[in-house]
Engineer: 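The structure follows.
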Amino acid sequence: MSNSKSTSYACIILAAALWGLIGFFVKNLSAQGFSPLQITCLRTIAASICITPLVAMQGMDKFKIAIKDTWMFIGTGIISLTFFNWCYFNCMQRASLAVAALLLYTAPAFVMIMSLFLFGEKFTKQKGIALVMTFIGCACVTGVLSGELNLSLAGLLFGLGSGIGYALYSVFGKYAIRKYEPITISAYTFYFSFVATLFLADINGEVLARINWLTIAYVLGLGIICCLAPYILYTKGLAQVEAGKASVLATVEPLVAALVGVIFFAEPLTMEKIIGMALIFGAIGVLELKK
């Protein structure tokens with residue numbers, strides 16, 4: 001594997017690992033009384049503010065996009081980032097967090113199906129094996145296999161919707177990376193998502209009154225560590241990696257999320273979770289096996 005491709009793989013895996021830290025910040029912000037959509041809005045505000053000077057430092061031309069390409073950023077920012085969060089949070093209200101997480105990680109399957117038709121990517125035996133390993137691994141990590149599955153039709157549809165929304169970033173991002181640099185794509189993803197969530201999140205005086213220095217610290221962590229950095233890294237990785245493979249590599253996220261739960265919130269590290277982690281890492285290895 002070439003150095004450039006190895007770097008792209010590393011970027012995607014690191015991005016997924018940073019996304020996996022989101023639970024730490026979300027749990028603490030939720031404890032302060034913020035709703036999921038309000039947390040999403042605060043997250044995109046922080047990411048938008050932080051990325052703007054970074055884009056400016058690389059040159060004002062990085063802010064330039066063609067009007068005809070606006071659909072790409074509506075795709076990454078609203079159809080993907082905002083829609084995925086809305087579906088994900090609705091699924092959480094109708095099902096357990098474990099079930100919601102498992103349905104979210106149907107994303108690789110959707111990416112591979114979409115990539116067959118949109119990018120002409122081949123669905124190989126390796127991808128199929130990796131996909132099955134990933135799905136079972138995610139089921140183990142989230143603990144779904146050890147519990148009873150009680151899920152309404154609405155919960156199922158919202159869960160699958162979150163997986164589709166999550167998958168669509170790889171699709172729209174693949175189109176955008178052909179014309180724009182990762183930092184430009186990430187910036188406009190946050191800008192469009194921020195505008196959308198601002199109308200949906202009901203940010204009023206009561207919400208603003210709850211913001212303190214600790215809240216700001218959590219929001220900056222959520223915005224920089226779990227939004228700004230991983231989106232730049234993931235988009236950069238898409239330049240050299242097929243969208244289908246990228247979506248499988250990104251399933252390192254639930255592995256990291258499980259470790260965050262064990263370390264910070266005293267959640268048990270069961271043998272089932274360890275097997276799940278091994279399967280997810282194994283899936284990444286399968287993708288790199290030579291014929």
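In this chain, residues are counted from 1 in sequence order.
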Engineer: What's the separation between atom CD1 in Ile45 and atom OG1 in Thr197, rounded to the nearest 0.5 Å?
Structural biologist: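 Answer rounded to 0.5 Å: 7.0 Å.
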Engineer: Are the side chains of Gln32 and Leu214 in contact, using a 4.5 Å heavy-atom criterion?
Structural biologist: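 In contact.
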Engineer: Looking at CE of Met72 and OH of Tyr180, how far apart are the two atoms once the value is rounded to the nearest 0.5 Å?
Structural biologist: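 Interatomic distance, Met72 CE to Tyr180 OH, rounded to 0.5 Å: 6.0 Å.
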Engineer: What pairs with Asp202 under salt bridge (Lys or Arg N to Asp or Glu O under 4.0 Å), at least two apart in sequence or on another chain?
Structural biologist: none
Engineer: Side-chain contact, heavy-atom cut-off 4.5 Å: Ser30 with Ile39?
Structural biologist: yes
Engineer: Please report the closest heavy-atom contact between Pro182 and Ile232, naming both atoms and the distance.
Structural biologist: CB-O, 3.8 Å
Engineer: For residues Leu238 and Ala246, report the shortest heavy-atom separation together with the two atoms involved.
Structural biologist: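 Closest heavy-atom pair between Leu238 and Ala246: CD2-CB, 3.8 Å.
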Engineer: Grab the two heavy atoms, one from Gly33 and one from Gln38, that are nearest each other, plus how far apart they are.
Structural biologist: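 Scanning both residues completely, I find the closest heavy atoms to be O-OE1, 4.3 Å.
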Engineer: Give me the atom names and distance for the closest heavy-atom approach of Ser162 to Cys87.
Structural biologist: N-CB, 3.4 Å
Engineer: Nearest 0.5 Å, please: how far is CG in Leu228 from CD1 in Ile49?
Structural biologist: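 Atom-to-atom, Ile49:CD1 and Leu228:CG are 11.5 Å apart.
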Engineer: Hey, does Phe34 have a side-chain heavy atom less than 4.5 Å from the side chain of Ile211?
Structural biologist: yes
Engineer: Answer whether the closest heavy-atom distance between the side chains of Ile183 and Leu54 falls below 4.5 Å.
Structural biologist: yes
Engineer: Working to the nearest 0.5 angstrom, can you tell me the gap between Thr52 OG1 and Phe190 CZ?
Structural biologist: 10.0 Å
Engineer: Could you list all the salt bridge (Lys or Arg N to Asp or Glu O under 4.0 Å) pairs where at least one residue sits in residues 216-235, not counting sequence neighbours?
Structural biologist: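 Counting only pairs at least two positions apart or across chains, no salt bridge (Lys or Arg N to Asp or Glu O under 4.0 Å) contact touches residues 216-235.
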Engineer: With sequence neighbours excluded, tell me which residues meet side-chain hydrogen bond (donor to acceptor under 3.5 Å, both in side chains) with Tyr166.
Structural biologist: Glu253
Engineer: Within the structure provided, determine whether Ile12 and Val241 are in side-chain contact (heavy-atom separation under 4.5 Å).
Structural biologist: yes
Engineer: If you group Ile, Leu, Val, Met, Phe, Trp and Tyr whenever their side-chain heavy atoms sit less than 4.5 Å apart, what else falls in with Ile67?
Structural biologist: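 Members other than Ile67 - counting any ILVMFWY side chain reachable under 4.5 Å - there are none.
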Engineer: Working to the nearest 0.5 angstrom, can you tell me the gap between Trp71 CH2 and Ile78 CD1?
Structural biologist: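 Output value for this atom pair is 14.0 Å.
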Engineer: Just wondering, do Thr44 and Tyr191 contact through their side chains at under 4.5 Å, heavy atoms?
Structural biologist: no
Engineer: Parallel, tilted or perpendicular, judged at 30° and 60°: which one describes the rings of Phe264 and Phe24?
Structural biologist: tilted
Engineer: Could you list the residues that satisfy side-chain hydrogen bond (donor to acceptor under 3.5 Å, both in side chains) with Ser193, not counting sequence neighbours?
Structural biologist: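 Residues passing side-chain hydrogen bond (donor to acceptor under 3.5 Å, both in side chains) with Ser193: Thr82.
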Engineer: Does one side chain, of Thr76 or Tyr231, offer a donor that lies under 3.5 Å from an acceptor on the other?
Structural biologist: no
Engineer: So, for Phe83 and Gly161, which heavy atoms are closest and what is the spacing to 0.1 Å?
Structural biologist: CE2-O, 3.3 Å
Engineer: Grab the two heavy atoms, one from Cys41 and one from Ala201, that are nearest each other, plus how far apart they are.
Structural biologist: CB-CB, 3.8 Å
Engineer: Give a yes or no on whether Phe63 and Ile65 share a hydrophobic cluster (residues Ile, Leu, Val, Met, Phe, Trp, Tyr; joining criterion: side-chain heavy atoms under 4.5 Å apart).
Structural biologist: yes
Engineer: Same cluster or not: Leu37 versus Phe25, using hydrophobic residues (I, L, V, M, F, W, Y) connected whenever any side-chain heavy atoms lie under 4.5 Å apart?
Structural biologist: no
Engineer: Is any side-chain heavy atom of Trp86 closer than 4.5 Å to one of Phe158?
Structural biologist: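 With C-beta onward as the side chain, the pair touches.
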Engineer: Rounded to the nearest 0.5 Å, what separation is found between the CG atom of Leu198 and the CG atom of Leu42?
Structural biologist: 10.0 Å
Engineer: Could you see if Leu200 belongs to whatever hydrophobic cluster contains Leu208? Use Ile, Leu, Val, Met, Phe, Trp, Tyr and a side-chain cutoff under 4.5 Å.
Structural biologist: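 Result: no, two separate clusters.
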Engineer: Are Ile164 and Ile79 joined in one hydrophobic group, where the rule is that I, L, V, M, F, W and Y side chains link up if heavy atoms are under 4.5 Å apart?
Structural biologist: yes
Engineer: Using ring centroids (six-membered ring only for Trp), state whether Phe172 and Tyr175 fall under 6.0 Å.
Structural biologist: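 No; Phe172 has its ring centre 6.0 Å or more from that of Tyr175.
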Engineer: Are any of the side-chain heavy atoms of Tyr169 and Leu81 separated by less than 4.5 Å?
Structural biologist: no
Engineer: Can you list every salt bridge (Lys or Arg N to Asp or Glu O under 4.0 Å) pair that touches residues 174-183, not counting sequence neighbours?
Structural biologist: Lys62-Glu181, Asp69-Lys179
